[in-house]
There are 2 protein chains.
Amino acid sequence: MVGRSAVANPSGALLYKEVKRKIIDAVHQGEWKPGGAIPSETKLCERYGVSMGTVRKAVDELSGEGFLIRQQGRGTFVSTHSQDRYLFAFFHVIRQDGHKEYPLVELVEFGKAKAEPCMATALDIKPKSRVLRIVNKLSLSGAPVMLDEILLPENLFLGMTEKMLRERPSTLYHLYQEQFGVTVIRPHEKLRAVLADEVQARLLGVSIGEPLLLIIRTAYSFRDQPVELRRSYVVTRNYEYCTDPMVAT
Amino acid sequence: MVGRSAVANPSGALLYKEVKRKIIDAVHQGEWKPGGAIPSETKLCERYGVSMGTVRKAVDELSGEGFLIRQQGRGTFVSTHSQDRYLFAFFHVIRQDGHKEYPLVELVEFGKAKAEPCMATALDIKPKSRVLRIVNKLSLSGAPVMLDEILLPENLFLGMTEKMLRERPSTLYHLYQEQFGVTVIRPHEKLRAVLADEVQARLLGVSIGEPLLLIIRTAYSFRDQPVELRRSYVVTRNYEYCTDPMVAT
DNA sequence: CAGTGGTCTAGACCACGTC
DNA sequence: ACGTGGTCTAGACCACTGG
């Protein structure tokens, strides 16, 4: 037989996983950029010395994970967090009648802090190392609905300024990607119900003791590296958190 | 060319979607039963007159949707809601330290009611048609944590008795499948934060005004048919709702 | 029109589970 | 040893996009 055997290959891993890794690496090393196209499937076959089916399986998985976007007749592109499809992949709060809307984001606070133990654990950094702290107020239909407290490991976001956040044209995750080369690929969220404290009540325009939905999100980049910890407090009087806002195939 | 063309086929649909549909139908018609094996991939090729790749794509999707379970070296099986992997596909409440636990379920109420407009809409039935109403209390580590109010269209669950619910050995969804031939394949959930009213406080052993996580779930069967509406009230003092409890590939 | 991804074929060898 | 699913090959035709 002229081809390689079905599974055995230099690194000992599955062939299509190997191809996935190589594609991700090429993007990491800047060969193909977010928003740009990657080579056609035929060219990828030649480049990696595998058959179409194997390239397809690799690209299929990467596209399923949201890393690539395929467009029939046009090509396959490296995804960007500025794309519309991405906003609602991470923003799950919609009106109770099902209406979706883009939130208006307002910066409330920006500064540095020392990581508390729970933050350090979640972000996989040393206790008491420095973190950036951002507080945003999000409004829907003109009314404040959500308070975001965002914590970032400082070393990944060196040089972040308040100005960047105020002038940000698109989403925060787009900023991470464009300015700091940090691509969020997977959020993990935990939810609780809590009562509004005085600060939250004031900022959200509700009474103290109003029930709030607390969303604790850890956002992961490649290799399961945590890059952001976020606590969101949502007034669910008119809005709700919706699992799986994605449309079906 | 001897084979059929790549896309054109009798029904005009994609070939692998056609195969998916036929597999689902065979299960529906009782040819292959939940828990049992379906024919090997080779046999499915012959039966449906398509190639391995096409059968694989169909089975891959059905297995991704949780309808089938593949086991290397053994075969492919029709999934059952009694399987362990299924409990946590629908039960997302875990302890705040990440520990997962099986809830103890206790029936609080069982009866019939007329569908309110919002229920009728969600369940896609006529307003004021009859629904079954079940209220369960769920405990974790011996303490009540969650209250479930479950609403079912009566016509799909004719003959359901309180006895069935009390003697239920496994999950409710397993009961739906075994006794009524209703297979839940996809839940859709919306979450809010609310305050405990008097009844909830009493049943859950908390004070009135305790913040509760409200989970409004619509469960769908095949063809996007809604089969259950469920409102769950969770005390999130020690527990939390966790998105994506599934382990990665 | 040429080039892309989407689907499909008809095989092959491998790793795993069961007998 | 045998049958299963898991992976892989080396092509093919189709539908869609763009020039």
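Residue numbering restarts at 1 for every chain, and letters A, B, ... go by the order of the sequence lines.
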Let me have the donor-acceptor pairs involving side chains of residues 70-77 of chain B, under 3.5 Å, with sequence neighbours excluded, atom names and distances please.
unit_1	atom_1	unit_2	atom_2	d
B/Arg70	NH1	B/Asp60	OD1	2.4
B/Arg70	NH2	B/Glu41	OE2	2.0

Quick check on C/dG11: is either OP1 or OP2 less than 4.0 Å from any side-chain nitrogen or oxygen of B/Ser51?
no
C/dC8, OP1 or OP2 - any side-chain N/O from B/Tyr16 closer than 4.0 Å?
no
Closer than 4.0 angstrom, basic N to acidic O: yes or no for A/Lys43 and A/Glu46?
no
If you fit an axis to the five pairs at each end of the helix from C/dC1-D/dG18 to C/dT18-D/dA1, how big is the angle between those two axes, to 10 degrees?
10°
B/Lys20/B/Glu65 ion pair, N-O < 4.0 Å
yes
Salt-bridge criterion met for A/Glu61 and A/Arg56 (N-O under 4.0 Å)
no
What pairs with A/Ser51 under side chain to side chain contact (heavy atoms under 4.5 Å, CB included), at least two apart in sequence or on another chain?
A/Thr54
Hey, does the side chain of A/Lys57 come within less than 4.0 Å of D/dC8's phosphate (OP1/OP2), counting only N and O?
no
Examine D/dG3: is either OP1 or OP2 under 4.0 Å from a nitrogen or oxygen in the side chain of B/Ser40? Give yes or no.
no
Excluding sequence neighbours, so at least two apart, what forms side chain to side chain contact (heavy atoms under 4.5 Å, CB included) with A/Leu107?
A/Phe110, A/Ile134, A/Asn136, A/Glu162, A/Leu165, A/Arg166
Would you call the rings of A/Tyr241 and A/His92 parallel, tilted or perpendicular, where under 30° means parallel and over 60° means perpendicular?
parallel
When we call it a touch if two heavy atoms are under 4.0 Å apart, what does A/Thr76 touch: a base, just sugar-phosphate, or nothing?
sugar-phosphate
Between D/dG5, C/dT4, C/dT7, which one does the side chain of A/Arg56 approach most closely?
C/dT7
Pull out every protein N or O sitting under 3.5 Å from an N or O of nucleotides 17-19 of chain D, one pair per line with the distance.
unit_1	atom_1	unit_2	atom_2	d
D/dG18	OP1	A/Arg74	NH1	3.4

Can you name the side chain to side chain contact (heavy atoms under 4.5 Å, CB included) partners of B/Lys163, sequence neighbours left out?
B/Thr161, B/Glu167
Among C/dG11, C/dG6, C/dT9, which nucleotide has an atom closest to any side-chain atom of B/Thr54?
C/dT9
Is the distance from OP1 or OP2 of D/dG3 to the nearest side-chain N or O of B/Lys43 less than 4.0 Å?
no
